[in-house]
Amino acid sequence: MRGIVTLDGPSASGKSSVAKRVAEVLGVPYLSSGLLYRAAALLALRAGVDPKDEAGLLRLLEARRVRLVPGRENRVLADGEDLTPFLHTLEVDRVVSEVARHPGVRAWVNERLKEVPPPFVAEGRDMGTAVFPEAPHKFYLTASPEVRARRRAKERPSDYEAVLRDLLVRDERDKAQSAPAPDALVLDTSGMTLDEVVAWVLAHLKD
């Protein structure tokens, strides 16, 4: 496969799991834009920078050498430190949407993603619209909030109700970034297994 495949969708819609599997089948790397937003959120939490302070966030990010390392599992390095083990926590979950709302932070993430040469499968927000509008293969995965909360609750040391509340708040914050590209194929994964979603995406990849 040559070129770029984009997988967009709201939080916990299955983007990461599907991207990993599709990339593995195609024999190309996958890119997780969400990890870069999470890295920005983690660095802000560590440094005591207000997630609403765009200028402060950008000063912090520009002072650190942050890069995404694609592979079977993506990693994010900041000045050589592997931040990956610390990115999926409820604390990061609760501030990452606020961080990602800033145009300057989104531009910073996009720059990091564009440092990686294609082919690859890119998943996250804005992938098929703002980041890789030229991608020939675009997919948008979604699911009901309840289904997504159950999926996320399995990954977090928290109960379903708490995860659902946080997820609904994130959905509201992320509306601007969550619209599918006009030429994306949209799939509701609520009643589907991971294998079924992967098979559907692979079947719809154009030659």
Write down the atom of Pro145, the atom of Leu168, and the distance for their closest heavy-atom approach. CB-CD2, 3.8 Å
Does the pair Leu43 and Leu83 meet the rule for a side chain to side chain contact (heavy atoms under 4.5 Å, CB included), with working shown? CA-CA 9 Å; Leu43 292 172; Leu83 301 180; 4.1 Å; yes
Assess, by modelled atom type and distance only, whether the side chains of Ser32 and Arg75 contain a donor and an acceptor separated by less than 3.5 Å. no
How many angstroms lie between CZ in Arg59 and CD in Glu54, if you round to the nearest 0.5 Å? 11.0 Å
Shortest non-hydrogen contact between Ala181 and Thr129, atoms and distance: CA-CG2, 3.5 Å
Charged tip of Arg46 within 45° of Phe86 ring normal and under 6.0 Å: yes
Side chain to side chain contact (heavy atoms under 4.5 Å, CB included) for Val66 and Val76? Distances and angles first, verdict last. CA-CA 7 Å; Val66 179; Val76 179; 3.7 Å; yes
Thr193 side chain to Asp195 side chain, donor-acceptor N/O pair below 3.5 angstrom: no
Quick one: does Leu31's side chain get under 4.5 Å of Glu123's, heavy atoms only? no
With side chain to side chain donor-acceptor pair (under 3.5 Å) as the test, would you mind laying out the steps for Arg148 and Thr189 before giving the verdict? CA-CA 10 Å; Arg148 291 186 285 122; Thr189 68; over 6 Å; no
Let me confirm one number: the CG-NE2 distance from Leu57 to His102, rounded to the nearest 0.5 Å. 5.0 Å
Looking only at heavy atoms, what is the nearest atom pair of Phe139 and Leu205, with distance? CE1-CD2, 3.7 Å
Mind listing the closest non-hydrogen atom pair of Pro51 and Val99 along with its distance? CB-CG2, 4.0 Å
Taking the side chain as every heavy atom from C-beta outward, state whether Tyr160 and Glu146 have any atom pair closer than 4.5 Å. yes
Could you tell me which non-hydrogen atom of Pro119 sits nearest to which non-hydrogen atom of Pro29, and how far apart they are? O-CD, 3.4 Å
Spacing of Leu113 atom CG and Arg106 atom CZ [to the nearest 0.5 Å]: 13.0 Å
Taking atom NZ as the centre, does Lys52 end up with more than 12 heavy-atom neighbours from other residues, nucleotides or ligands that are less than 6.0 angstrom away? no
Using the rule that two of Ile, Leu, Val, Met, Phe, Trp, Tyr join whenever any of their side-chain heavy atoms come within less than 4.5 Å, decide whether Leu61 and Val116 are in one cluster. yes
Salt bridge or not for Glu98 and Arg101, using N-O below 4.0 Å? yes
Side-chain donor or acceptor of Asp8 paired with backbone N/O of Tyr140 under 3.5 Å: no
State whether the side chain of Asp53 and the backbone N or O of Gly56 hold a donor-acceptor pair below 3.5 Å, judged by distance alone. yes
Restricting to non-hydrogen atoms, name the atom on Thr6 and the atom on Ala135 that form the minimum distance, rounded to 0.1 Å. CG2-CB, 3.8 Å
Once rounded to the nearest 0.5 Å, what's the spacing between atom CG of Leu35 and atom OG of Ser16? 7.0 Å
Spell out, as yes or no, whether a donor-acceptor pair under 3.5 Å connects the side chain of Thr142 to the backbone of Gly9. no
Same cluster or not: Leu26 versus Leu185, using hydrophobic residues (I, L, V, M, F, W, Y) connected whenever any side-chain heavy atoms lie under 4.5 Å apart? yes
Quick one: do Val28 and Val25 end up in the same hydrophobic cluster if we chain Ile, Leu, Val, Met, Phe, Trp and Tyr together by side-chain heavy atoms under 4.5 Å apart? yes
Given 3.5 Å as the limit, does a donor-acceptor pair link the side chain of Ser17 with the main chain of Gly14, or not? no
Step by step, would you call Tyr30 with Val5 a side chain to side chain contact (heavy atoms under 4.5 Å, CB included)? CA-CA 9 Å; Tyr30 92 97; Val5 178; over 6 Å; no
Interatomic distance, CG@Asn74 vs OG1@Thr84, rounded to 0.5 Å, equals 8.5 Å
With a 4.0 Å cut-off, would you call Glu111 and Lys114 a salt bridge? no
Path from Trp200 to Leu202 over hydrophobic side-chain contacts below 4.5 Å: yes
Between Ser190 (side chain only) and Ser144 (backbone N and O only), is there a donor and an acceptor less than 3.5 Å apart? yes
Less than 4.0 Å between a side-chain N and a carboxylate O, is that true for Lys20 and Glu73? yes
Measure the shortest side-chain to side-chain distance between Phe132 and Phe120 over non-hydrogen atoms and say whether it is less than 4.5 angstrom. yes
Check whether Leu60 and Val105 end up in the same hydrophobic cluster, where Ile, Leu, Val, Met, Phe, Trp and Tyr are linked by side-chain heavy atoms less than 4.5 Å apart. yes
How many angstroms lie between CG in Leu194 and CZ in Arg21, if you round to the nearest 0.5 Å? 4.5 Å
Taking 4.0 angstrom as the limit, do Asp183 and Lys138 come out as a salt bridge? yes
Could you give me the CA-CA distance, side-chain angles and deciding distance for Arg67 and Val69, then say whether side chain to side chain contact (heavy atoms under 4.5 Å, CB included) is met? CA-CA 6 Å; Arg67 63 189 182 96; Val69 182; 3.7 Å; yes
